[in-house]
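Single-structure report; data block below.
Keep in mind the model is a prediction, meaning the values are calculated, not measured. Note on naming: letters A, B, ... go to the chains in the order of the sequence lines (proteins, then strands), and numbering restarts at 1 for each one.
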Amino acid sequence: MAARITLTAISDQNLVASEVSSQRIIEWVVEAAEQPKAAARAPLNIALVIDRSGSMHGEKLHYVQQAACHVLDLLGPGDRAAIIAYDDTITTIAPSTLVTPSAKKAMQHDIMQLRPGGSTNLSGGWLEGCRLIAEQLQAENITRALLLTDGLANAGIVDVEELSVHARELRKRGVATSTFGVGLDFNEQLLELLAEQGGGHFYFIERPQQIPEVFRSELGELLTITAREATLSIGTPRGVAVEIMGGLPHERSAERLRVFLGDMCAGERRMIYTRVTTPTDSVGTSVVIGGELGYADLSGKHQHLATSVAFSYQADAIVQQAGVREDLLARAAEVELAAAAREALRLEREGQREQAQAVMQASLAAAPAMPAPTAAAYQDLASQLGQGMKEEQRKQAHFSAYKKRQNRS
Amino acid sequence: MSDTDTTTDMLTIGELASQADVTPRTIRYYTSEGLLPQPHVQGKYTRYTADYVQRLRLIARLKVAYLPLNEIRDRIAALDAEGVEAMLRELGDLQPAAAPAPESASDYIVGILEQQKRSSQPPRPAPPAPVAAPAAPAPSAPPAGAPAPSAPPPAAPKQAEGFLRRLIAPRPSVAEEAAHEHWQRIPLAPGVELHIRSDIQEQAQKQIQKLIEHARSIFRS
């Protein structure tokens, strides 16, 4: 089952100065072609991990139940679903089960029996969900845990760093995680990190009524995945510094920078920005930055695509006169500002408002000329950070920055 | 660490690194983090006694079990050579510090859960300096109900240390043990649940699955 994926790359300018270091930005574009509706899809192997702690009473749990039932409606007998409910204990509503019509009915029935309970052992519920689907992991299926919560993890493993390491290690071993935060009381930094390191998506669900449509959206993505565990591997030649912008999950070795893109759906486009700093060299030479996209297709087979960007050395005076793709620089700057916003919001959430404002303002000062509305919006954010934010503002700003950094369309 | 006059049985950092299958840089890092005792410096060269090899093997063995470095330090910093050997024997499987092959997601999760169980056990207290044998005679009449500690023999301080530690190590209370167990709740019908302790579950998977199906069919009929 061949997916039609393309990889291209361009830079803001292709000349670099021979006498001094130059900084350039490469925009890598990964695009997955649309698929016809009738195209085959990979079987899913998912876990729904549902918070049923005390705070979930009332309409929240009701909408979650509805959403979980809808998700099951969208699955077929080739897919597997496991359902975990957690408060301070972990309850397996359904172990990983093939979604046949009778199993579907039984699971939907059991979901509707859920009642809210105690405190929130998020790590316990999440890891149990991952454990159940890990046992069913195969090259051809898409294995992902969908973790929903409305509050703070206050039982089990609560350390954000530790959990994000587990999310990353599980992703490397084929188990991805998407997270769903409902309301204003959950820790958006934690959920975002789990999803990002876990190769999935993070969703901020402001109102419980939105839960079903958000779940449908995630399922929609899962059902149209055409390329799995996409990784962009960028060569870092001697003397050249290559950095990923926007804080995307990555790994670095002596010669390569690997950026983890997660799964890609039909019709999706990802734009990734790297900053390149070239050393001095003689006029007439050139340096080539190669990028290779690796991914698994629907049958689990590995595929590769490659492209490269070449920079030619010229006298600095000539380089200064050459044309620059300003629009590319502006797009890259937005991604960097979004990454700075995430960091600033983290500081503000911890009470360090002055520092948060300073971080935001420093990034704005360093950004090339932005369109006026964008600059104004970030300037506003900077003042809000300094004054301290209401929970709703904080979560909205955080989610907005997350979407900009991911840069998926 | 007892000083020896002969330097023949002492190793350079390079020799130690080679025998324990780690880099010299790792040895220096562990020393600065307190996982290894400060070595003996003779003139230009730092010398390590042979028991450092076993210490490094123990560190590697504990790392394979997913323990973070500061926890490893808490457990081994006050061990003498005998203690190191004893712990290595207890852990079993004396393997060189080779990196384990990348394991499956299932194995990784099992590792996390085992580490949680171990970290939730009360750590054996590690006194920062070797405990000297008490000079004063045993205290008069211990409080009623408390176990009466006997005065250790006034001989070698190291023996006393181990002996005392065994006496004062708290045993987890029944309530604490129960809290650290992991139970799964599986609903069979409205208001009816099956509780399964997680360590049992792996052995009796098939039987439990049968039990659940049968129970559910009873309640649906």
Inset, instruction - Would you mind checking which part of A:Glu135 comes under 4.5 Å of any heavy atom in chain B, side chain (CB onward), backbone (N, CA, C, O), both or neither? - result: both
Legend entry - Least distance between heavy atoms, B:Ile109 atom then A:Ala134 atom: CD1-CB, 4.4 Å
Legend entry - Straight-line distance of A:Leu127 CG to B:Ile112 CD1, nearest 0.5 Å: 5.0 Å
Legend entry - Closest non-hydrogen atom pair between B:Ala105 and A:Val175, with its separation: CB-CG2, 3.6 Å
Legend entry - Which portion of A:Ile133 sits near chain B, non-hydrogen atoms under 4.5 angstrom: neither
Inset, instruction - Quick one: which of A:Glu162, A:Glu169, A:His166 has the most heavy-atom pairs under 4.5 Å with chain B, could you say? - result: A:His166
Legend entry - Neighbour count >12 (heavy atoms, 6.0 Å) for atom CD, A:Glu255: no
Inset, instruction - Would you indicate whether B:Glu82, at its atom CD, is surrounded by more than 12 heavy atoms from other residues, nucleotides or ligands within a distance under 6.0 Å? - result: no
Legend entry - Salt bridge flag under 4.0 Å for residues A:Asp110 and B:Arg216: yes
Legend entry - Stepwise side chain to side chain contact (heavy atoms under 4.5 Å, CB included) test for A:Lys172 and B:Tyr108: CA-CA 11 Å; A:Lys172 278 193 201 170; B:Tyr108 181 80; over 6 Å; no
